[in-house]
Amino acid sequence: MGKLFHNYLNTFNGLSREVWWLSLITLINRAGTMVIPFLSLYLTEDLDFTLSNVGTVMACFGLGSVVGSWLGGKLTDVIGYYKVMVRSLISTGVLFIALQFLNTFYALCLGIFLVMVVADMFRPAMFVALSAYSKPENKTRSVTLIRLAINLGFSAGPAVGGIIITSIGYSGLFWVDGITCILATVVLVLVLNPKKSKVLDVVKVEHPESAYADKAFVIFLGAMFLFGFIFLQYFSTMPLYYRDRHVLSEFEIGLLLGMNGFVIFLLEMPLISWLEKSGLSKMTLILIGALLTTLSFLVLNFTPWSGVLIIGMLLMTIGEMIAFPFSNAFAYERASKGNQGEYMALYTISFSLSHIFSHKIGMEMVADLDYDNTWYIITAIGAICVFLLFFLKSYLKGEKKLLR
């Protein structure tokens, strides 16, 4: 056990102080995002919205994310990542607190849209900051550390969120979300001020290529959109499936979602460290991650036994652990050819677009086709994602031959 623990700690060696601080800021921020997995339940139970209305609100969530990610990327290339992160975090905190006072359909659509515009300006700026604070050889592990922080916060968040809902209601979630964003801003200002932080990798390209003209990157974005589409079902239709088909309480749903973050916290860094030494290409690993996530939906239709929910969650978790860090690393690799803000914004937008379509279409499918048929369709979408990644892998081999 001592040797295992020592080896686990060794996987964190070499990461910069700034990356650790950025991870702490992300942990504080993400610990408060407990409202997100409960949003579909909040809208149906507290506000009596129909599934179609919930899908529309969640689509506004995604639309705001697209606009915020694009704007964040542009502003990062113009004024720098630090200013964008500070302004995004503090504004998000205030808006989250205000969101609880909106209770009509159109007001919530607008409110969710504005919150996500401001909140997701943070993401491309954070990715560029992470790249700047990491040595080239440490970028994948740095991304993994950030994901550990996200998932540690997210594993605690839903579990605590279930307790908060049970004791004081959904309004408490909005207060916690807002306060944690404001606390994250305070930490950011204190420790990552440009006068105190050390940049390790400055990427300056004299004649940057447009990300839109990078064919391989455009194919990659299409695959990531489809991956995001199936992955995000775990935060909209899946909690409803847990409640309706398997009769789980909010607390039990929170524990099941929290298991995802806890497993990632324990295993992702050693797994990524091992996979980096495996000799497999980034694209092969992303493909494996997408395949496992796709299978996590297919297994749900095999049996009515509730234990299958844990199997599905574990398949999704392992797929997520592999796909996200290496897709991030692939995006960084391509971003070295052009404007980093633009590349990382488009990478973020691919998932934001998934938010627009995933929640709305998922809700409509559940309402019209029931859960079993919905999971078969989601599996088919996942299969298309896997095919695109396989095609991209062949395309990249041809690209390398041309460069030679």
Side-chain angles (χ1 to χ4, degrees), residues 33-67 95-96 98-117 119-120 158 161-162 164-166 168-174 177 225 228-254 256-257 297 300-301 304 309 312 351-381:
T33 56
M34 59 186 71
V35 72
I36 302 303
F38 289 106
L39 190 56
S40 57
L41 297 176
Y42 166 68
L43 294 174
T44 54
E45 290 184 3
D46 261 32
L47 301 183
D48 296 322
F49 282 16
T50 65
L51 289 180
S52 180
N53 283 344
V54 172
T56 302
V57 172
M58 298 300 273
C60 291
F61 181 103
L63 185 60
S65 182
V66 169
V67 175
L95 288 174
F96 255 129
L99 192 61
Q100 65 185 297
F101 301 110
L102 305 178
N103 51 28
T104 64
F105 173 66
Y106 292 108
L108 265 167
C109 285
L110 179 61
I112 289 287
F113 173 78
L114 289 176
V115 166
M116 292 313 300
V117 167
D120 273 15
I164 291 174
I165 293 169
T166 305
I168 60 174
Y170 283 98
S171 65
L173 298 184
F174 294 98
D177 263 359
F225 164 73
F229 186 98
I230 65 172
F231 172 75
L232 288 170
Q233 297 301 320
Y234 272 89
F235 302 97
S236 55
T237 54
M238 195 61 76
L240 297 175
Y241 174 71
Y242 292 157
R243 183 193 66 187
D244 297 342
R245 186 63 65 85
H246 292 272
V247 202
L248 300 188
S249 67
E250 281 91 347
F251 180 68
E252 290 168 330
I253 293 170
L256 193 55
L257 292 172
F297 289 92
L300 297 178
N301 286 344
L309 301 181
F351 292 102
S352 301
L353 285 172
S354 299
H355 271 289
I356 295 177
F357 297 100
S358 174
H359 304 302
K360 177 66 173 174
I361 293 174
M363 291 292 179
E364 295 288 354
M365 285 194 296
V366 167
D368 296 338
L369 304 173
D370 201 14
Y371 291 107
D372 291 349
N373 290 323
T374 298
W375 301 153
Y376 283 127
I377 294 171
I378 295 298
T379 300
I381 293 170

(request) Please test L240 against Y371 for side-chain contact (heavy atoms from CB on, under 4.5 Å), starting from the C-alpha separation and ending with a verdict. (result) CA-CA 10 Å; L240 297 175; Y371 291 107; 3.5 Å; yes
(request) To the nearest 0.5 Å, tell me how far Y242 OH sits from R245 CZ. (result) 13.5 Å
(request) Can you measure from CG (D244) to OG1 (T237) and round to the nearest 0.5 angstrom? (result) 11.0 Å
(message) The test is side-chain contact (heavy atoms from CB on, under 4.5 Å); show your working for M363 and T44 and say whether it passes.
(response) CA-CA 12 Å; M363 291 292 179; T44 54; over 6 Å; no
For the student: nearest non-hydrogen atoms of [X] and [Y], plus distance:
X    : Y    : result
S358 : G228 : OG-O, 4.5 Å
I112 : C60  : CG2-C, 4.1 Å
Y241 : L300 : OH-O, 3.7 Å
F297 : I230 : CZ-O, 3.0 Å
P239 : S236 : CD-O, 3.3 Å

Would you mind reporting whether [Y] and [X] have side-chain heavy atoms less than 4.5 Å apart?
X    : Y    : answer
M238 : W375 : yes
Q233 : I381 : no
L248 : L309 : yes
L108 : L43  : yes
F105 : V57  : yes
L369 : I377 : yes
M365 : I378 : yes
L99  : L102 : yes

(request) Please report the C-alpha distance between F229 and I361 in whole Å, then the side-chain angles of each, then the deciding distance to 0.1 Å, and finally whether the side-chain contact (heavy atoms from CB on, under 4.5 Å) criterion is met. (result) CA-CA 10 Å; F229 186 98; I361 293 174; 4.0 Å; yes
(message) Please verify the inter-ring angle class for F357 with F225; under 30° counts as parallel, over 60° as perpendicular, anything in between as tilted.
(response) perpendicular
(request) Ignoring hydrogens and angles, tell me if any N or O in the side chain of N301 forms a donor-acceptor pair with the backbone of D372 under 3.5 Å. (result) yes
